[in-house]
Amino acid sequence: MAHPKRRISTTRRDKRRTHIKAKMPQIATDTTTGEAHLFHRAHWHEGKLYYRGQVLIDNTEDAEVVE
């Protein structure tokens with residue numbers, strides 16, 4: 001089991017952690033809807049689930065049948 005022989009100073013610890021930071025999520029714009037969404041994620045727009053410009057699920061038809 002790893003056990004440090006001496007205490008690591010705060011400066012040395014902070015130098016090691018300089019590369020660990022939060023990144024801004026990349027935002028894409030859908031070509032068909034113009035909706036902003038995260039890369040590689042499906043998104044809902046007006047009752048339809050879009051991924052890469054194609055409709056995966058269309059809930060607008062279900063809502064019209066219920067009414």
Side-chain angles (χ1 to χ4, degrees):
M1 181 184 214
H3 190 24
K5 192 165 188 174
R6 299 212 181 267
R7 180 178 178 165
I8 295 175
S9 69
T10 56
T11 306
R12 186 173 288 271
R13 179 200 64 201
D14 292 343
K15 280 196 266 184
R16 184 180 66 245
R17 294 180 181 172
T18 57
H19 305 292
I20 304 170
K21 54 188 124 186
K23 297 178 184 174
M24 292 291 295
Q26 290 185 339
I27 305 293
T29 306
D30 195 359
T31 55
T32 53
T33 62
E35 189 77 15
H37 63 93
L38 292 175
F39 270 107
H40 306 291
R41 301 288 191 281
H43 62 281
W44 289 96
H45 181 71
E46 297 179 356
K48 296 178 182 178
L49 184 67
Y50 286 91
Y51 183 69
R52 298 183 70 183
Q54 297 177 353
V55 177
L56 297 178
I57 299 173
D58 191 358
N59 283 346
T60 56
E61 296 172 355
D62 298 337
E64 292 172 0
V65 173
V66 173
E67 292 176 0

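Since the model is a prediction, treat every value here as computed from it, not as a measurement.
- Here the side chains of Thr33 and Lys48 are not in contact, with every heavy-atom distance at 4.5 Å or above.
- Rounding to the nearest 0.5 angstrom, the gap separating the CZ atom in Arg17 from the NE2 atom in His19 is 13.5 Å.
- Asp30 places a side-chain heavy atom less than 4.5 Å from the side chain of His43.
- Shown here for Tyr51 and Leu56, the closest heavy-atom pair between the two residues is CB-CD1, 3.5 Å.
- For the atom pair Arg52 CZ and Thr32 OG1, the distance stands at 12.5 Å (nearest 0.5 Å).
- Of the inter-residue distances, the one linking Gln26 atom CD with His37 atom NE2 reads 12.0 Å to the nearest 0.5 angstrom.
- A distance of 10.5 Å separates CD1 of Ile20 from CG of Asp14, quoted to the nearest 0.5 Å.
- Summarising the geometry, atom OH belonging to Tyr50 is positioned 7.5 Å from atom CG belonging to Asp58; distances are rounded to the nearest 0.5 Å.
- For residues 2-12, there are no side-chain hydrogen bond (donor to acceptor under 3.5 Å, both in side chains) pairs, not counting sequence neighbours.
- Pairing each heavy atom of Leu38 with each of Pro25, the nearest pair is CD2-CB, 3.6 Å.
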